[in-house]
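Right, one structure below, let's go through it.
The residues of the chain are indexed from 1 along the displayed sequence. Indexing begins at 1, ligand by ligand and atom by atom, following the structure's order.
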Amino acid sequence: MSYQSIQQLLKTAPTGTEVTVKGWVRTKRESKNAVFIALNDGSTINTIQAVAEAGQLPEETLKLITTGACLAVTGQLVESQGAGQAVEVKIANVTIYGTADPDKYPLQPKRHSLEFLREIAHLRPRTNTFSAILRIRHALAFAVHKYFNDNGFYYLNTPIITASDAEGAGEMFRVTTLDATKPPLTEDGKVDYSQDFFGRETNLTVSGQLEGELGAMALGKIYTFGPTFRAENSNTTRHLAEFWMIEPEMAFYELEDNMNLAEDFVKTVIRYALQHCADDLTFLDSRLKDEEKTKKKEEQSELGLLEKLQFVISNEFVRLTYTEAIDILVNSKPAKKGQFQYEVSWGVDLQSEHERYLVEKHFKKPVILTNYPREIKAFYMKQDPDGKTVRAMDVLFPGIGEIIGGSQREDDLDKLTARMQEVGIEPEALWWYLDTRRFGSAPHAGFGLGFERLVLFVTGMGNIRDVIPFPRAPKTAEF
Ligand code: ATP
Ligand code: MN
């Protein structure tokens with residue numbers, strides 16, 4: 001008798017063998033002749049049914065077997081008499097590890113709202129929905145590492161604490177050990193960071209890209225996959241204050257190579273999830289179908305979750321320039337009817353409503369937009385010969401908007417320094433970054449994929465706070 005997870009057991013254990021199952025009670029049902037206990041141990045969405053004859057278990061034991069209690073059950077694995085499962089455990093012995101008072105345990109066998117579950121984020125992994133999401137999240141993370149490893153990339157760990165506030169990606173969280181109530185001051189009354197832990201002002205990173213570029217200029221192809229922090233006070237369903245970002249950076253790649261990589265990469269990891277998370281995705285697919293039924297007909301999505309994932313991996317992404325996209329948007333029905341909240345014209349940063357119009361209404365496919373106006377993009381993007389645009393690329397997904405942002409990088413020292421000065425970044429502050437352009441500069445490119453936006457897409461969830469175990473967002477850091 002050895003202990004196996006329910007996932008292993010359902011896959012491999014032959015009937016007739018004695019097994020031990022350890023897990024948490026999902027439901028207990030009593031009939032005239034028997035007691036049925038559904039156990040789940042988190043290894044799979046499937047529960048295993050344990051059955052005792054009526055009267056077999058002492059009344060005191062039976063009373064303690066309630067939803068949420070943790071048990072070990074030993075017995076013979078037999079073909080199930082009832083419908084709904086192939087096998088079940090004929091209970092010989094039960095050990096109760098931990099009880100869960102039914103008057104206090106918040107997770108009862110009924111549908112809880114996602115909002116309520118966010119308030120009990122410490123327990124929500126015990127639900128079908130969240131355990132499915134977390135297993136899919138794991139599979140996607142594994143697929144990311146596998147993809148890059150299979151394709152000759154090296155995993156580079158870029159710093160989480162940085163001193164460069166020049167990336168312009170968003171508001172930063174300060175890292176300091178100075179006394180918050182009476183920090184040392186300089187003569188002109190400012191906080192004296194020279195007395196701080198690092199002897200300078202430091203922050204949590206908003207992106208590993210700049211250091212990623214240093215890696216690419218030495219190892220050729222690298223990727224980062226680590227936590228990223230943005231103190232943007234945007235309470236949206238697509239932004240977190242702490243999220244995980246995947247940032248490949250490749251020497252000798254130009255914009256087109258970058259797009260090809262981004263498309264192949266996203267498709268490959270989605271395909272991996274489809275192949276390895278079939279049970280969980282099927283569960284989420286039907287969960288979404290139930291949710292869709294509560295919506296108005298015109299708001300229901302045309303494709304189910306599995307259909308949508310299949311659709312994305314089997315169709316080419318549409319590629320067009322920002323300028324072409326603006327043309328489409330300006331001539332679109334919502335623009336003419338004044339239905340966009342933000343007006344569009346050449347030069348504006350696209351809002352989520354514009355991105356979603358292109359992806360969901362116009363092309364009905366993922367879209368890669370390129371060659372954005374230089375004014376709305378970061379200083380390090382390679383300038384186009386027209387002097388107006390840069391070699392940027394954003395990948396836009398249905399229901400999500402921007403999932404990837406990337407570019408070919410400016411590899412010309414003079415152009416890069418000039419651009420930094422134009423946007424008010426002191427070139428000396430990034431002397432080490434500029435050294436890659438001083439010594440052995442080369443064309444190179446890369447992108448950033450927000451991991452949670454990928455998980456959001458693959459699970460079909462609607463709020464990014466539901467695809468990370470313990471979300472960090474404005475006023476949210478309880479667990
Ligand atoms: P957005 O316009 O959606 O705020 P961004 O332009 O700030 O995105 P980048 O700086 O290009 O995004 O970051 C690269 C990727 O990181 C984005 O494409 C997105 O997938 C992800 N990302 C950015 N900000 C967040 C956030 N606050 N929470 C979760 N993911 C994010
Ligand atoms: Mn942002």
> For residues 450-477, which residue pairs qualify under ring-ring contact (aromatic ring centres under 6.0 Å, His included), counting only residues two or more places apart or in two chains?
Replying inline: Phe225-Phe451, Phe397-Phe457
>> How about NZ on Lys388, more than 12 heavy atoms from neighbouring residues, nucleotides or ligands closer than 6.0 Å, or not?
In response: no
> Would you call Glu422 and Arg419 a salt bridge, using N to O less than 4.0 angstrom?
Replying inline: yes
> Against heavy atoms of Ile404, which atoms of ligand 1 measure under 4.0 Å?
Replying inline: 18 (O)
>> Distance under 4.0 Å to a non-hydrogen atom of Gly405: what atoms of ligand 1 satisfy this?
In response: 18 (O)
>> Which residues pass the salt bridge (Lys or Arg N to Asp or Glu O under 4.0 Å) test with Glu298, not counting sequence neighbours?
In response: none
> Does the pair Glu360/Lys364 count as a salt bridge with the N-to-O cut at 4.0 Å?
Replying inline: no
> Against heavy atoms of Arg238, which atoms of ligand 1 measure under 4.0 Å?
Replying inline: 3 (O), 28 (N), 29 (C)
>> Suppose I only count heavy atoms of Ile464 and a 4.0 Å limit; which atoms of ligand 1 are within that range?
In response: 29 (C)
> Near Glu299 CD, under 6.0 Å, is it more than 12 heavy atoms from other residues, nucleotides or ligands?
Replying inline: yes
> Is the NZ or CZ atom of Lys221 positioned over Phe252's six-membered ring, under 6.0 angstrom from the centre and within 45° of the axis?
Replying inline: no
> Between Val206 and ligand 1, which part of the residue brings a heavy atom under 4.0 Å of the ligand: side chain, backbone, both or neither?
Replying inline: neither
> With respect to atom 21 (C) of ligand 1, which of Ser407, Ala473, Gly450 exhibits the smallest heavy-atom separation?
Replying inline: Gly450
> With a 4.0 Å heavy-atom cut-off (strictly under), which part of Glu452 contacts ligand 1: side chain, backbone, both or neither?
Replying inline: neither
> With a 4.0 Å heavy-atom cut-off (strictly under), which part of Arg230 contacts ligand 1: side chain, backbone, both or neither?
Replying inline: side chain
>> Tell me whether Ile403 has any N or O atom under 3.5 angstrom from an N or O of ligand 1.
In response: yes
>> Need the ligand 1 atom indices (1-based, order shown) with element for anything under 4.0 Å from a heavy-atom of Glu232.
In response: 24 (N), 26 (C), 27 (N)
